[in-house]
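Per chain, numbering begins at 1; letters A, B, ... match sequence-line order.
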Amino acid sequence: MKKESPHLARCEAPSLELLKRGVGLLETEAELEAKLEKSRRTGTPLRVKLGIDASGPDIHLGFAVPLRKLRQFQDAGHIAVLIVGDFTGKIGDPSGRSRTRPQLTDKQVQENVKRYRELAFEILDPARCEFRYNSEWSDKLSGSDIINIAAKYTVARIIEREDFKTRLDKGIPLHMHELLYPLFQGYDSVAVRADIELGGTDQYLNFLVGRALQREFGQEPQVVMTMPLLIGLDGKLKMSKSYGNYVSIKDSPEEMFGKLMSIPDDLITDYFRLCTNRTEEELKKTEEQLSSGENPRNIKAELARDIVTIYHSADDAGRATEEFDRVFRQKGLPDEMPEFAVPADGVNIVELVAKAGLLPSKSETRRKLREGAIYLDGERIKDVEFTVRLESESRILKVGKRRFLRLTKG
RNA sequence: GGACGGGUUCCCGAGUGGCCAAAGGGGGCAGACUGUAAAUCUGCUGGCAUACGCCUUCGGAGGUUCAAAUCCUUCCCCGUCCA
């Protein structure tokens, strides 16, 4: 039996409707229907390609959007073909980038992929999964092979992309290897004979290169399906590891809940649409609640709960909700906090905070003392020379709103 | 290959001999407020030192000077135009 998937919308067999839900651009719907129909008729599963950027060993909510879509295809009987971009990773995807990305080393890629694989199976069904490295074929291409591929696409079509154009206009470096990136990524589709390619909107033009190359190599062109990009916690840029505005699917329930509560209010519906299994009607209802003056905080809490439930459990979500209320609304204490042993004769407050690693330096600690950000058992400490002693069993040191330290006897 | 312009702190970007740990903005952190780690307002934002002050930082390496991000030499890198 298939493993129960929390990534499927409730009460629905994967249908064309479901597969199309939440999809931004679809190139083309007619081709998709034809491919699905053919697959049903011949009993041959479709090969759905998803590229993995091996730049970091983490999967965040933004990347989970296409992964969850991929899971729906798996549940409809198709094959997920995950392509680890170990070769293209060495180029660095220029999409949406205003500067050249650092090239990854083999070792970095290997480490990242190992963890990636584990994480991907949190969402995907391993039984219907094919994991491929694009170095398998890309490394084998000879110079003349590369020329041959490059000859099938024009410079004008490559540099029509916004990101390249801006860089050229602004005089920001654009390197030769970056121009090749779309070609290699497109060639992946040829190599794995992809029927469908999934990904974020920013990948659209890359995917079209895949279509073009497949045609050139005598294959039926892949259907291109892009998902809207999830905006990150800052409310401005797309969610991405390198912008540090992300929620990892491996974040602890509390962490995940807290981060989600920090998204700007007007992102609530987007997050519901892209990260949860809410249906369109449910989304409409939420939108009405929001516009009718219902406190967005409560709706956001619902959202956070939903998402924590998907990646952890309903129980964890409940606990995270409670803790959030306790710590931030009632200014109480979290369940768990790091501990620090205080010597019998006491320790200077600045030493203590720096040693415990609550703040990066002593200068910073002095600054925070001046700002009134440091509390001992709820009492604000401003004196740089204050000595912390342990009169009772344990005391609580708090820095800012969210950093806690339990002081114990040392 | 030639001419010109440029490389500044986490990012962008001002600064052409001392008043420069370096304007301004962004980001980050904190405080107030609150409906939340939202929004808004305010403050802080290299390190060490209770403090005097000391140390590290303006592409790299040398040099001039009492004193250099600023001047000189050389090297590396980027851009524009020309070839």
Side-chain angles (χ1 to χ4, degrees), chain A residues 61 97-102 164-178 231-237 240-248 251-272 289-305 307-308 320-334 347-355 357-375 378-387 397-404:
Chain A
L61 246 34
R97 292 287 164 156
S98 60
R99 64 169 64 185
T100 306
R101 292 181 131 197
F164 286 166
K165 235 185 297 180
T166 333
R167 278 159 74 172
L168 288 172
D169 286 351
K170 288 195 179 159
I172 299 167
L174 176 59
H175 295 87
M176 290 294 292
H177 71 292
E178 295 180 89
I231 302 292
L233 301 177
D234 57 347
K236 288 175 200 135
L237 301 167
S240 145
K241 219 161 305 149
S242 40
Y243 300 143
N245 60 357
Y246 72 104
V247 180
S248 165
D251 277 343
S252 70
E254 290 76 22
E255 181 88 1
M256 200 179 260
F257 193 96
K259 282 183 178 176
L260 288 165
M261 288 303 280
S262 82
I263 63 170
D265 292 346
D266 51 6
L267 248 46
I268 295 176
T269 349
D270 276 0
Y271 270 65
F272 266 121
Q289 281 178 304
L290 280 168
S291 56
S292 71
E294 164 93 37
N295 186 344
R297 199 217 80 94
N298 299 331
I299 299 176
K300 218 193 285 185
E302 242 177 79
L303 167 75
R305 243 187 129 103
I307 295 178
V308 175
T321 311
E322 273 168 40
E323 175 152 321
F324 188 87
D325 285 348
R326 180 153 27 94
V327 174
F328 296 107
R329 301 177 87 178
Q330 292 140 34
K331 310 240 180 275
L333 298 174
V347 60
N348 172 268
I349 182 87
V350 178
E351 293 286 330
L352 170 57
V353 172
K355 256 196 206 139
L358 286 183
L359 290 172
S361 72
K362 290 189 186 175
S363 299
E364 176 71 6
T365 306
R366 289 199 189 93
R367 252 178 251 131
K368 288 287 161 278
L369 280 166
R370 221 177 301 134
E371 288 169 0
I374 299 183
Y375 306 80
E379 202 178 318
R380 181 172 279 168
I381 311 282
K382 287 196 142 182
D383 181 7
V384 182
E385 289 179 80
F386 187 88
T387 302
L397 190 78
K398 184 181 178 194
V399 177
K401 289 189 188 77
R402 7 181 330 221
R403 270 166 288 195
F404 295 88

Integer-rounded Å distance: [N] [atom2] and [X] [atom1]:
X	N	atom1	atom2	answer
A/F386	B/U50	CZ	P	17 Å
A/L369	B/U50	CG	P	13 Å
A/R367	B/C44	CZ	P	11 Å
A/M261	B/A37	CE	P	9 Å
A/D265	B/U40	CG	C1'	13 Å
A/E351	B/U50	CD	C1'	12 Å
A/Q289	B/G35	CD	P	19 Å
A/I172	B/G7	CD1	P	15 Å

Gap separating the [atom1] atom of [X] from the [atom2] atom of [Y], nearest 0.5 angstrom:
X	Y	atom1	atom2	value
A/Y246	A/D251	OH	CG	7.0 Å
A/M261	A/L233	CE	CG	13.0 Å
A/L359	A/T365	CG	OG1	4.5 Å

[N] - base-pair partner by Watson-Crick or wobble geometry, distances under 3.5 Å:
N	answer
B/G35	none
B/G53	B/C48
B/G1	B/C82
B/U65	none
B/C20	none
B/U9	none
B/U42	B/A30

Salt bridge or not between A/K362 and A/E351? Use side-chain N to carboxylate O under 4.0 Å.
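So A/K362 pairs with A/E351 through a salt bridge.
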| Lys/Arg-Asp/Glu bridge criterion (N-O < 4.0 Å) met for A/D325, A/R297 |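 The answer is yes: the pair qualifies as a salt bridge.
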Using salt bridge (charged side-chain N to carboxylate O under 4.0 Å, His left out) as the criterion, list what pairs up with [X], not counting sequence neighbours.
X	answer
A/R367	A/E364
A/E294	none
A/R402	none
A/K398	none

Taking only side-chain N and O atoms of [X], does any of them lie within less than 4.0 angstrom of OP1 or OP2 on [N]?
X	N	value
A/S361	B/G47	yes
A/R297	B/G35	no
A/S363	B/A49	no

Is A/K398 touching bases, backbone alone, or none of the nucleic acid, heavy atoms closer than 4.0 Å?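 Contact class for A/K398: none.
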Have a look at A/K362 and say if it touches a base, only the backbone sugar-phosphate, or nothing, with a 4.0 Å heavy-atom cut-off.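 The residue A/K362 makes sugar-phosphate contact but no base contact.
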Q. Could you walk me through whether A/L333 and A/F404 pass the side chain to side chain contact (heavy atoms under 4.5 Å, CB included) check?
A. CA-CA 8 Å; A/L333 298 174; A/F404 295 88; 3.8 Å; yes
What distance, rounded to whole Å, do you find between the two [atom1] atoms, one in [N] and one in [M]?
N	M	atom1	answer
B/G24	B/C72	P	29 Å
B/A69	B/C20	C1'	9 Å
B/C19	B/C54	P	13 Å
B/U50	B/U57	P	24 Å
B/G15	B/A23	C1'	8 Å
B/A32	B/G26	P	22 Å
B/C10	B/G46	P	10 Å
B/C12	B/C58	C1'	15 Å

(message) Would A/K300 and A/F272 count as a cation-pi pair here, with the cationic atom under 6.0 angstrom from the ring centre and within 45° of the axis?
(response)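 That pair does not qualify as a cation-pi contact.
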Per-nt protein contacts along nucleotides 21-32 of chain B (heavy atom under 4.0 Å; B base, S backbone sugar-phosphate only, - none) come out as ------S-BSSS
Starting at the 5' end of RNA chain B and moving along, which residue's nearest nucleotide shows up first, A/G258 or A/V350?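 Going by which nucleotide is closer to the 5' end, it is A/G258.
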Both A/P264 and A/P296 contact RNA chain B. Taking the nearest nucleotide for each, which residue is further toward the 5' end?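 Result of the comparison: A/P296.
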What protein N or O atoms touch nucleotides 51-59 of chain B N or O atoms at under 3.5 angstrom, if any, and at what distances?
none

| query | So, does the side chain of A/N298 form a donor-acceptor pair with the base of B/G35 at under 3.5 Å? | reply |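 Answer is no: no donor-acceptor pair is held.
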Inspect the surroundings of CD in A/E379 and state if more than 12 heavy atoms from other residues, nucleotides or ligands are less than 6.0 Å away.
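No - once you tally the heavy atoms of other residues, nucleotides and ligands closer than 6.0 Å, there are 12 at most.
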Nearest to the [X] side chain among [options], which nucleotide is it?
X	options	result
A/R329	B/U36, B/G35, B/G47	B/U36
A/N295	B/A38, B/G35, B/U45	B/G35
A/P173	B/G47, B/C78, B/U36	B/C78

